[in-house]
Amino acid sequence: MLKKVLVANRGEIAVRVLRACEELGIATVAVYSDADRNSMHVRYADEAYNIGSAPARQSYLRGDRIIDIARRAGAEAIHPCYGFLAENAEFRNACDDAGLIFIGPSAQTIRAMGDKLVARRTMRDAGIPVVPGSYDSIKDEDHALTVAEEIGYPVVIKAAAGGGGKGMRVIKSKDEVAGALRGAAAEARSAFGDDTLYMEKMLEGIRHIEVQLLADRFGNVIYLGERECSIQRRHQKLIEESPSTAVDAEMRRKMGELAVTAAKAVGYESAGTIEFLVDKNKNFYFLEMNTRLQVEHSVTELVTGVDIVIEQLRMAAGRKLRYRQEDVKINGWAIECRITSEDPYNNFMPSVGKIVSLSEPSGPGVRVDSGVFEGFEVTLYYDPLIAKLIIWGETRAQAILRMRRALNEYKIIGIRTSIPFHLRMLETARFITGKIDTTFLDRINVLANDGPSTRTKLAAIAAALVAYRSRHDLIAKSLADGSAGPNMWKFNARREVLRPR
Amino acid sequence: MLKKVLVANRGEIAVRVLRACEELGIATVAVYSDADRNSMHVRYADEAYNIGSAPARQSYLRGDRIIDIARRAGAEAIHPCYGFLAENAEFRNACDDAGLIFIGPSAQTIRAMGDKLVARRTMRDAGIPVVPGSYDSIKDEDHALTVAEEIGYPVVIKAAAGGGGKGMRVIKSKDEVAGALRGAAAEARSAFGDDTLYMEKMLEGIRHIEVQLLADRFGNVIYLGERECSIQRRHQKLIEESPSTAVDAEMRRKMGELAVTAAKAVGYESAGTIEFLVDKNKNFYFLEMNTRLQVEHSVTELVTGVDIVIEQLRMAAGRKLRYRQEDVKINGWAIECRITSEDPYNNFMPSVGKIVSLSEPSGPGVRVDSGVFEGFEVTLYYDPLIAKLIIWGETRAQAILRMRRALNEYKIIGIRTSIPFHLRMLETARFITGKIDTTFLDRINVLANDGPSTRTKLAAIAAALVAYRSRHDLIAKSLADGSAGPNMWKFNARREVLRPR
Amino acid sequence: MRYYAQIDGQMLEMDIEGEGDDLKVVLDGETLVASLRLVSPPSLYSLILDNQSHEVFVENRNGEYVVMIAGELCHAKVQDERAKRLAAVTPKGHANEGEVVIRAPMPGLVISLDVSPGDVVEKGKGLLVLEAMKMQNELRAPQAGTIKSVNVQQGERVENGRVLLVLT
Amino acid sequence: MRYYAQIDGQMLEMDIEGEGDDLKVVLDGETLVASLRLVSPPSLYSLILDNQSHEVFVENRNGEYVVMIAGELCHAKVQDERAKRLAAVTPKGHANEGEVVIRAPMPGLVISLDVSPGDVVEKGKGLLVLEAMKMQNELRAPQAGTIKSVNVQQGERVENGRVLLVLT
């Protein structure tokens, strides 16, 4: 097994990987920015090294410093988690040069899947159904018009270097082509320094469903079922589940086998994910591959019993995959709600501040993967994902009920979070019946206030009682003090004025 | 299914049962004493009723009030959990009379198993091996001497109404018989109001292993494997695990089948546990039956995937047992550490006070069943069990490593707890290798300080740094204040005296 | 003491009296027994109202109470009878009456500015886009009105709380 | 500043200087770089010592530091050089020197009393049994000595902190 691993990340995912290492008896090294001195990943690791100031470019993105520390600390391997350097082929090469094991696929694979256009071609050539669209970059407006005509409106323009919805524009008719092209190119240039664009058919009523893969260096690849990730807001996933209500055993097998073929086509190694778009007729199309651990890997862990991070660590140590495809069984249902520092009642505006009180849910079937604690200061430097609440249930219905009770138990005071959104979401009939697609949140305002309800009356009473109590406490305190204090004087003076005549 | 259930308990177990109800969509009613107004079980339930003052005799033991509230609230069933009224046959009868479902076995079964002497006879007659000893009460000293001679010293005198080690004496030779008899009778009289005694052979090097049962009202009974409960201090269990290192598949089947026979002999219904003593040669003997949910039921849940409380609720609603014996598989390993408000470094003295800071472990394979929160006031009114930390691992080794990391993550400030004990316990070679019996803690002081270690040096540095920091802060504060303050004056004055000459 | 709670366009009147865990609320002729405890400061309360147990977040922002129950957010304006009488005799400030100041809810970069002074906007109309935390966030008009002033420029970096626009 | 830490019968001397996250500890000729942060008041610290990360509970009880690391409990007496010099010039109180007062660590009932005034006891000898929380708890002699006085009776109910016995 590995003896010492450096975890090149922060937050919930760094903690999750550190825990896996500790459970395998592997010594751990954390790196941290000035803003993260008190963070959980720093306190959980055996060793901790400062790597620079708060902005990620000066710390978590400094591959050179991280490699230097791995050497100084005597770590054999680096786990990049997700984000930061996880899909950076140059960093992978630098690890190789330094004699360090990078826990993930080869630089070549990262690069091939990082360029979405190359990925489309690779997958087409491997016989994988791909979202209809162009396999070459869009050269100019004329070219765009021709391609759009061919595949049929509406279409989407996307950045080849893209991800997270940046450099992306929907085009409904040919009048919009020129403007969209300019906008997408500008955005792609500024975000990725690369304005290569391609075009895809805009599929409607689609779901976003992905397949989790594990691959060892001996060519063994298995799939661990699918994850349903259609509940998204501006291309950011909010709720994921496994299995998907849209997938049956036969479709799971088909998608899984295609995903394995895709992985083999690029000589994949470690954990990875193939994202598919699935239409109403259950046709599915390759969208992209994520060559790293995903945020939502945990729902797969709960239904398969496979600890994906532990398997990554084992395989990185040169071990063979412990599971054959026939060992993988889907048991029950898992749902994940992403807990972010955003205010759902204020257009998901990022919320910053100190967590002054924190109480996490627990009990049967509840898992919290968190990176925060009471006293933690949420800043704008990093991603707003602060924790994941992951629930297992025997059935989807039980998982939903359990998720609701866990969300009700989850108390975070000091910042606004996505918890109220999830609570309301899990009350909607469409979610409960599994009738979801990627436009769910564009069409339904789950936070809508439908006018006075029984809760309105309760809220009014609660507010009035708090007002009554604080006035009572104030008077009691003033009387107890003896010195009535300035507030009391004011109160008495006003009372005089107001005395009924 | 049941529509509304009253949970007649408090603390972690009330919360655990309330969660199960909520996950089944059952409305819940909590009862609470004056001391528990802020408690978690009160806040988690849909309805909450005050039932009296802090001492249990004036609240949680007031069956009459509880039944009255169940009627007022329209609850159909009462879940007694463990302790308080759980093994009270009169309360069960009163529930029947009030038309309420008592979630547990019949009054007759409770009574038969509550009298340890009756239980011994019943089990012997059902063909279950029973710890060698008397089947009638010990009449006087002569009788005791005769029986002791028959079964051979050392022997144990026990109270028929007993439990928890009260009214119990070990006798090594005949000179001790008279004294032990008097002492045990006096203790039994004062604790249970009943001085009926019996005698058992004192088995040596034994383990305490119990079998979990589920029985429906249609006569279906299954066993859910065993639990190892040998780590005890003064007959209080501290650590439990499932499976046991002493039990193999064949022995599990034998013990399980005997336990099922025993349950059928008393017409058992609901969840229950048969406790066995197991000697070095793996002979096992019936010790007693607990006719209720056990504290440690959760380790069984983690290795079998069966939610024992949910099954209790289903069966109480008149449903048939959903599992057949062949459906029950033992998967992986589970360990539970009881988190109590006791100071292991001060002879497990109960610790009281306010929990000023609380941080619970989480992540893969970790379950916390807790009844406390930050701000909770631990008093002497109730049992010191405040939470249970329950770990699942693929293997026992992984479960131990995971338990250690979870214990390290568990931070409770404000009261002393058993966490340090568990941390040190899980470092002992004997526990790690599974070489345990009920005398483990009498023989090994897991908290022993073996003299200066690397941690000693670290502790000295930490203490000195805190001293340095607080002095530094004090000076900085005084300087910042301008007014140096009384401490500062004193400090300056002393400095004058101490100035080197 | 009588309390007036304005919530969701409704005005609820209730009388509250009592102490400790034995508070009485009379609303619409019905008497409710209440026990209120602050369980996690500063804002999480346990409220038992006629034996119904609720967990409620209540924040007081100068008499405007923000209440969250099971994920549902309500805003309640609460006045006791004294405050109400006081308000009746206090002359209302009419300077800047009806003016809404839109401030930056976080530090960020102004990506786009979608209105100019004099524009008439509907409630919910996008006013500007602020980028922070790798995300673009649109600020919308909290009520219908006219843009009185625009105090920032596109591409400008703004601090938390900075006045961006004024709406009348 | 020089610090003296008496722990487990050892005396460790170290020099500490620096500020913030850049503290230096010189011990046995070796220089260690330290960063100390109070992460959960009042007693949980994160200590990074030469890049080794530790979580440590430290409580100060009048210069006697109670330190818990990974379940291991240590008691350390810490003095800085000024305090040490001060202690050297301050006359020691010799009244009641060496007297140990045994107090009730919790409210409870005295179940049995196993010593009488004048008894000579070994360290660890059981002195009395106190019942609380349904459990019987034995109080043992913290050091060898002679029982000077017994201040309670069997069957008596005692408050937390009540003096039970005095040992010299």
Side-chain angles (χ1 to χ4, degrees), chain B residues 164 234 236 341-352 356-359 379-384 404 407-409 411 413-414 419-427 447 449 451-453 455-472 491 494-495 497-498 500, chain D residues 1 3-10 12 14 16-17 19 23 25 27 32 34 36 38 40-45 47 49 52 54-58 60 63 65 67-74 76-80 82 85-86 89 105-108 130 132-140 160:
Chain B
R234 299 190 186 178
Q236 299 290 321
S341 52
E342 296 174 314
D343 183 357
Y345 279 103
N346 186 15
N347 207 20
F348 282 85
M349 210 53 100
S351 173
V352 297
V356 296
S357 175
L358 174 67
S359 182
T379 66
L380 287 173
Y381 291 114
Y382 311 112
D383 197 273
R404 278 200 216 156
L407 287 165
N408 270 316
E409 288 175 24
K411 307 278 163 47
I413 306 182
I419 294 172
F421 164 81
H422 291 301
L423 269 169
R424 305 281 308 267
M425 181 74 188
L426 267 67
E427 279 179 356
L447 298 172
N449 191 334
S453 67
R455 275 185 198 151
T456 315
K457 196 169 136 188
L458 182 61
I461 293 172
L465 281 169
V466 170
Y468 176 79
R469 174 66 55 84
S470 51
R471 188 174 168 282
H472 202 273
F491 175 76
R494 283 192 184 155
R495 201 174 171 188
V497 172
L498 292 169
Chain D
M1 173 74 72
Y3 280 82
Y4 301 86
Q6 195 183 323
I7 188 164
D8 275 341
Q10 273 189 310
L12 297 175
M14 60 197 103
I16 304 181
E17 57 182 57
E19 268 187 59
L23 302 168
V25 181
L27 174 63
L32 305 162
L36 181 78
L38 178 63
S40 290
S43 55
L44 178 61
Y45 292 85
L47 169 62
L49 193 67
Q52 301 295 309
H54 308 278
E55 288 193 290
V56 188
F57 290 93
V58 184
N60 177 358
Y65 288 79
V67 184
M68 175 95 76
I69 301 171
E72 229 174 294
L73 190 73
C74 301
K77 255 198 174 133
V78 177
Q79 286 185 312
D80 62 24
R82 284 199 184 83
R85 266 185 262 150
L86 183 67
V89 298
M106 57 189 169
L130 205 59
M133 239 170 172
K134 304 190 306 175
M135 299 278 290
Q136 300 193 353
N137 302 285
E138 189 174 45
L139 274 86
R140 298 187 188 172
N160 190 5

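In the text below, chain A, chain B and the rest are named by the order of the sequence lines, each starting its count at 1.
- Neither the backbone nor the side chain of D/Tyr4 comes within contact range of chain B, judged by heavy atoms closer than 4.5 Å.
- Among B/Pro344, B/Ser470, B/Gly414, B/Pro420, the residue with the largest count of heavy-atom pairs under 4.5 Å with chain D is B/Pro420.
- The most heavy-atom pairs under 4.5 Å with chain D, out of B/Ser357, B/Ser359, B/Ala464, come from B/Ala464.
- Listed here is the closest heavy atom pair of D/Met14 and D/Ala5: CE-CB, 4.1 Å.
- The candidate with the highest count of non-hydrogen atom pairs below 4.5 Å against chain B, out of D/Lys77, D/Gln10, D/Gln52, is D/Gln10.
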* To do: Give the C-alpha distance, both sets of side-chain angles, the deciding distance and a yes or no for side-chain contact (heavy atoms from CB on, under 4.5 Å) between D/Gln79 and D/Gln6.
  => CA-CA 9 Å; D/Gln79 286 185 312; D/Gln6 195 183 323; over 6 Å; no
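- With a threshold of 4.5 angstrom between heavy atoms, B/Val356 approaches chain D through side-chain atoms but not through N, CA, C or O.
- Only the side chain of D/Glu55 comes within less than 4.5 Å of a heavy atom of chain B; its backbone N, CA, C and O stay farther away.
- Heavy-atom minimum distance, B/Val352 versus B/Thr379: CG1-C, 3.9 Å.
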* Asked: side-chain contact (heavy atoms from CB on, under 4.5 Å) between B/Glu342 and B/Met349: does it pass, once the steps are laid out?
  -> CA-CA 5 Å; B/Glu342 296 174 314; B/Met349 210 53 100; over 6 Å; no
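- Only the side chain of B/Tyr345 has a heavy atom closer than 4.5 Å to any heavy atom of chain D.
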* Verify side-chain contact (heavy atoms from CB on, under 4.5 Å) between D/Met68 and D/Val56, making sure each step is shown before the conclusion. => CA-CA 6 Å; D/Met68 175 95 76; D/Val56 188; over 6 Å; no
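- Across all non-hydrogen atoms, the minimal contact from D/Leu23 to D/Glu19 is CD2-N, 3.7 Å.
- Judged as a side chain to side chain contact (heavy atoms under 4.5 Å, CB included), and not counting sequence neighbours, the contacts of D/Leu38 are D/Pro41, D/Tyr45.
- D/Leu44 touches chain B through backbone and side chain together, each having a heavy atom under 4.5 Å away.
- Residues satisfying the side chain to side chain donor-acceptor pair (under 3.5 Å) test with B/Arg469, not counting sequence neighbours, are none.
- Only the side chain of D/Ala34 comes within contact range of chain B, judged by heavy atoms closer than 4.5 Å.
- Looking only at heavy-atom pairs under 4.5 Å with chain D, the residue among B/Leu458, B/Ile419, B/Leu423 that has the most is B/Leu458.
- Contacts of D/Leu12 with chain B are made by side-chain atoms alone, with heavy-atom separations under 4.5 Å and no backbone atom involved.
- Within the 4.5 angstrom heavy-atom criterion, atoms from both the backbone and the side chain of D/Ile69 approach chain B.
- Electrostatic pairing of B/Glu427 and B/Arg404 does not count as a salt bridge here, judged by no charged N lying under 4.0 Å from a carboxylate O.
- Of the two parts of B/Arg455, the backbone and the side chain both hold a non-hydrogen atom closer than 4.5 Å to a non-hydrogen atom of chain D.
- Nearest heavy-atom pair, B/Lys411 versus D/Phe57, reported as atom, atom and distance to 0.1 Å: CD-CZ, 3.5 Å.
- With a 4.5 angstrom heavy-atom cutoff, D/Leu47 touches chain B only via side-chain atoms.
- Proximity to chain B is limited to the side chain of D/Asp80, based on heavy atoms less than 4.5 angstrom apart.
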